[in-house]
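Taking it in order: structure first as structure tokens, then the write-up.
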Amino acid sequence: MSSSSSFEQPQVITCKAAVAWRAGEPLVIEEVEVSPPQPLEIRIKVVCTSLCRSDLSAWESQSLLPRIFGHEAAGIVESIGEGVTEFEKGDHVLAVFTGECGSCRHCISGKSNMCQVLGMERKGLMHSDQKTRFSIKGKPVYHYCAVSSFSEYTVVHSGCAVKVDPTAPLNKICLLSCGVAAGLGAAWNVADVQKGSSVVIFGLGTVGLSVAQGAKLRGAAQIIGVDINPAKAEQANTFGVTDFVDSNNHSEPIPQVIKRMTGGGADFAFECVGDTEVATTALQSCSDGWGVTVTLGVPKVKPEVSAHYGLFLSGKSLKGTLFGGWKPKSDIPSLIEKYMNKEIMIDELVTHNLAFDDINEAFELMREGKCLRCVLHMSKRGSSGEHFLWLHQSIEQAWRKNRRRGKP
């Protein structure tokens, strides 16, 4: 661990990054300069990063460009800035889009994970000095969610990184830096799903399936999954969904369908689509008297939720959540431990593994609804090559064999 007296200032690194120059247009692999980490920052060599739907939505609509997207990532600390004592070069870490300073009102409240110092960064800049650490030929490139993992190297505030078990597979646990953790936390921390309860989940992507998994582990008796794609029904069953509803295949309103299936409305409803009209539908689908609806999705349009006040007079409640209520530094290591102990599923959510160079293919897969999570591997080139496929399959086979034997 470096002390202030022996600290050696890192230098600028030039590496490859996928840069968005125009909204909705293919990302361009560029040579970018990555500045050294400033005080309380670390520079990370990204090993694996997964594509989240939030990346897709932002890429399609953002005007703050050029930008490097990506926020579900795992990597290895390459260098540290002055004042960093928690991390050393070589540490394995997850980068997270919302931090934990440990000293602000929210961090010490025991009631919230909405850090006032390192919360959601929306300006494309670093928390500390409101500048970027990326540039191309001297011109700044904006960050995304204080992570920007679609780059071989990135700089994050040390409060937005979590040190992880070095035996944990980075190509799996990177999903815990957003989607999987958000879904599990919504079920456990926010809704507090109870044994024997009924649950309805709108949207069966990675987040929705993680909610289902969390509800199943809590002992929910009925877990209804609602989606427009009937092909998701079989996989949803793996994560605990007991009943599937194709919302395009019913003439009556979906809340009526859910009320009939649950005998009056679900105890808990979750909106995992990113659509405020679906949030209203979820609220209408939960039980009078005690029904709780949790909204997790980030809407691209119409951010205002519209609901008749009578829904609330009847005793229903609507909650929101960011990152499932988890405090990243305090809580994420326990989720990794659960994964390593085979208590939660992550592997089954990774439907595609691609080389970083094929990032635009990953965007197309998600836009077309053909993947759950696509993990991009920084060290691989050309996913169409036989060697890449053989190597990935060999790694997967070895990992699964060791898990069956109880080895890390």
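Below, each value reflects all heavy atoms present in this structure, side chains not excepted, and no hydrogens, waters or symmetry copies. Worth saying up front: this structure is predicted, and the values here are computed from it rather than measured.
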Practice item. Evaluate the ring-ring contact (aromatic ring centres under 6.0 Å, His included) criterion for residues Phe97 and Tyr144: first the C-alpha distance (whole Å), next the side-chain angles of each, then the deciding distance (0.1 Å), finally the verdict. Key: CA-CA 9 Å; Phe97 67 91; Tyr144 178 66; 9.2 Å; no

Any donor-acceptor pair under 3.5 Å linking the side chain of [X] with the backbone of [Y]?
X	Y	answer
Ser148	Ile68	yes
Thr280	Ser306	yes
His377	Ser379	no
Ser314	Leu311	yes
Ser35	Val12	no
Lys319	Thr293	no
His352	Ala362	no
Asn341	Glu343	no
Thr132	Leu125	no
Glu121	Gly119	no

**Study point:** Check against side chain to side chain contact (heavy atoms under 4.5 Å, CB included), Thr276 and Glu304
**Key:** CA-CA 7 Å; Thr276 52; Glu304 299 83 10; over 6 Å; no

Point to revise | Pairs where residues 262-274 contributes a residue and the test salt bridge (Lys or Arg N to Asp or Glu O under 4.0 Å) is met, not counting sequence neighbours | key: none

**Study point:** All pairs passing salt bridge (Lys or Arg N to Asp or Glu O under 4.0 Å) where residues 189-208 contributes a residue, at least two apart
**Key:** Asp192-Arg218

Side-chain touch [X]/[Y], heavy atoms, less than 4.5 angstrom:
X	Y	value
Ile336	Met340	yes
Lys163	His92	no
Ile254	His250	yes
Val32	Lys16	no
Val207	Arg53	no
Gln9	Ser79	no
Phe134	Ser151	yes
Phe363	Cys374	no

Exercise for review: Begin with the C-alpha distance, continue with both residues' side-chain angles, and end with the deciding distance and a verdict on side chain to side chain contact (heavy atoms under 4.5 Å, CB included) for Arg43 and Arg133.
Suggested key: CA-CA 10 Å; Arg43 189 160 59 190; Arg133 301 290 178 264; over 6 Å; no

[X] [atom1]: over 12 foreign heavy atoms closer than 6.0 Å:
X	atom1	result
Ile108	CD1	yes
Lys302	NZ	yes
Met114	CE	no
Tyr142	OH	no
Glu368	CD	yes

Closest approach of [X] and [Y], non-hydrogen atoms and distance?
X	Y	value
Leu376	Ala355	CD2-O, 3.8 Å
Ala146	Val156	O-CG1, 3.5 Å
Cys101	Val117	SG-CG2, 3.8 Å
Asp288	Lys316	OD1-CE, 3.1 Å
Thr321	Val294	CG2-CG1, 3.8 Å
Leu176	Ile332	O-CD1, 4.0 Å

Nearest 0.5 angstrom please: [X] [atom1] to [Y] [atom2], how far?
X	Y	atom1	atom2	result
Ile173	Leu335	CD1	CG	11.0 Å
Thr238	Gln213	OG1	CD	10.5 Å
Leu175	Ser50	CG	OG	4.5 Å
Thr49	Asn171	OG1	CG	12.0 Å
Ile42	Ile76	CD1	CD1	12.0 Å
Cys174	Leu51	SG	CG	11.0 Å

Indicate whether any N or O donor in one side chain lies under 3.5 Å from an N or O acceptor in the other, for [X] and [Y].
X	Y	answer
Ser135	Glu33	yes
His106	Asn113	no
Gln222	Thr262	no
Asp55	His71	yes
Asp347	Tyr339	yes
Ser128	Glu41	yes

Point to revise | Working for ring-ring contact (aromatic ring centres under 6.0 Å, His included), residues Phe150 and Phe69 | key: CA-CA 6 Å; Phe150 295 161; Phe69 289 107; 7.4 Å; no

**Study point:** side chain to side chain contact (heavy atoms under 4.5 Å, CB included) assessment of Val226 paired with Val200
**Key:** CA-CA 7 Å; Val226 182; Val200 59; 3.7 Å; yes

Point to revise | Residues Glu152 and Lys45 bridged, charged N to O under 4.0 Å | key: no

Review point. Are Glu72 and Arg373 close enough for a salt bridge, meaning some N to O gap below 4.0 Å?
Key: yes

Point to revise | Under the salt bridge (Lys or Arg N to Asp or Glu O under 4.0 Å) test, residues paired with Lys329 that sit two or more places apart | key: Glu86

Donor-acceptor pairs under 3.5 angstrom involving side-chain atoms of residues 19-27: please list them, not counting sequence neighbours.
{"from": "Trp21", "atom 1": "NE1", "to": "Glu30", "atom 2": "OE2", "distance (Å)": "3.0"}

Point to revise | Pairwise side-chain hydrogen bond (donor to acceptor under 3.5 Å, both in side chains) hits with a residue in residues 173-189, at least two apart | key: none

Point to revise | Option passing side chain to side chain contact (heavy atoms under 4.5 Å, CB included) with Phe356 (candidates Leu354, Ile359, Asp358) | key: Ile359

**Study point:** Residue pairs passing the ring-ring contact (aromatic ring centres under 6.0 Å, His included) test where at least one lies in residues 262-299, sequence neighbours excluded
**Key:** none

